[in-house]
Protein chains: 2
Amino acid sequence: MITKNSVALAADATLRARGLRLTRQRRIILEVVRATDAHPTAAFVYRRVRRRLPRVSLATVYRNLRTLAAEGFVAERADPSGARFDGNTAPHDHFTCVACGRIYDVPPRADRAVRARVATRTGFEVLNHRTEFYGRCVACRRHGRRSPVKGQRRS
Amino acid sequence: MITKNSVALAADATLRARGLRLTRQRRIILEVVRATDAHPTAAFVYRRVRRRLPRVSLATVYRNLRTLAAEGFVAERADPSGARFDGNTAPHDHFTCVACGRIYDVPPRADRAVRARVATRTGFEVLNHRTEFYGRCVACRRHGRRSPVKGQRRS
DNA sequence: CAGCTTGTTGATAATGATTACTAAAAACAG
DNA sequence: CTGTTTTTAGTAATCATTATCAACAAGCTG
């Protein structure tokens, strides 16, 4: 089972091997990102971390999200209004609801062939790929929402 | 055949139907985006448009790229360092070279089943989907480039 | 332990992309 | 023309992100 603690231990070992340290801030930032499936922005992570470390700096959050992403402990994705982070580093796809803006995880497709096809067609070396779906989630379909809700805070 | 002029005519008609106009600026911005497959940034479009309209404003470029995207004449995609635009509005996928940063078009997969699978699994209404591939393009493989080249201008 | 080196933090300034604002120009309708 | 609406250029403002830096902490080394 993946526990908070086993994650921290693994992170600690990996970071040490690079001459980096798993500081209190870094550990809590990692825990916050892994504890939600909301694909949070840096600002969201900042707000959450502040509950446990009231004196943390926004720069520290950004700095560590970058570090953790570079070391593979979180994934980073580009969003029209900025970066979002994902504590789920297992391969999976995403569904973005065009009405409420929420991003849902979607189980990945069995896709060995997809990369191979692109590789042979282009001659490129395909290291990775990801599919993004867009549409309306169940809740928004039920409520008949069609367009982005204005004024809602980005999570 | 799709000519510059037929595009302009179609754009003009669509825009008029919305009470908008195909101004000189708007038309040239559209032409610039459609004339390249470099998935340009707003700054790139601005530089190109300025060759033909030296007094154009950067704000005008942004404003019109947004308008043209909203009307479906160009596609917009989020990139880690900002928005990129695509004059190719036919369905297709993208390959991003992690070494040189270039974004290549990839022919789309026959994919009726992909959306259906997600729809039945989630209950969501899937309107669209897009696959992003990451790897090294032929040129970068040949030159043995592995990491992003620093200091190059985003196109 | 004291001293040295290096990594890290919080605070804040700086940057870069994008958007908002506004007065003037252009496009159109009658 | 004349009035109305849209659009523009120029610029200020905003927002996310990054850089800078002095103070601090952790890990050696002797």
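Here the structure is a predicted model, which is why all the values come from computation and not from measurement. Proteins get letters first, then strands, A, B, ... in listed order; numbering begins at 1 in each.
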Expressed as a whole number of angstroms, how long is the span from B:Leu53:CG to C:dA26:P?
13 Å

Between A:Glu71 and A:Arg18, is the closest basic N to carboxylate O distance under 4.0 Å?
yes

Look at all strands and tell whether A:Ala43 reaches a base, only sugar-phosphate, or nothing, counting heavy atoms closer than 4.0 Å.
nothing

Protein-nucleotide distance (B:Phe85, atom CZ; C:dA17, atom P), rounded to Å
13 Å

Among side-chain atoms of A:His39 and A:Asp79, is any donor-acceptor pair under 3.5 angstrom?
no

Establish whether the base of C:dG10 is bridged to the side chain of A:Arg63 by a donor-acceptor pair shorter than 3.5 Å.
yes

Whole-Å gap separating P (D:dT18) and CG (A:Asn64)
13 Å

Pick the closest DNA chain D nucleotide for A:Gly82 and for B:Val61 by heavy atoms, then say which residue is nearer the 5' end.
B:Val61

Scan B:Arg66 against the nucleic acid and name what it touches under 4.0 Å (heavy atoms): base, sugar-phosphate only, or nothing.
sugar-phosphate

Atom CZ of A:Arg50 and atom C1' of C:dG10: how far apart are they, to the nearest Å?
13 Å

Sorted by chain and number, sequence neighbours left out, ring-ring contact (aromatic ring centres under 6.0 Å, His included) with A:Phe124 holds for B:Phe95, B:Tyr104

B:Arg47 CZ to C:dA17 C1', in whole Å, measures 13 Å

Looking at B:Arg115 and B:Asn128, what are the two nearest heavy atoms and their distance?
NH2-OD1, 3.4 Å

Is any NZ, NE, NH1 or NH2 atom of the basic residue among B:Glu31 and B:Arg52 found under 4.0 Å from an Asp or Glu carboxylate oxygen of the other?
yes

Find the distance B:Tyr62:OH to C:dG16:P and express it as a whole number of Å.
13 Å

Need to verify one output field. Residue with the more 5' nearest nucleotide on DNA chain C, B:Arg154 or A:Thr60?
A:Thr60

Value in whole Å for how far the P atom of C:dA17 lies from CG of A:Asp79:
18 Å

Would you please say whether a donor-acceptor pair under 3.5 Å links the side chains of A:Asp86 and A:His94?
yes

Closest heavy-atom pair and its distance - B:Arg117, A:Pro107
NH2-O, 3.6 Å

note: B:Leu58, atom CG; C:dC21, atom C1'; distance rounded to Å ~ 15 Å

Identify, residue by residue, the members of residues 6-38 of chain B with a heavy atom below 4.0 Å from DNA chain C, and return them in order of residue number, or none.
B:Arg16, B:Arg21

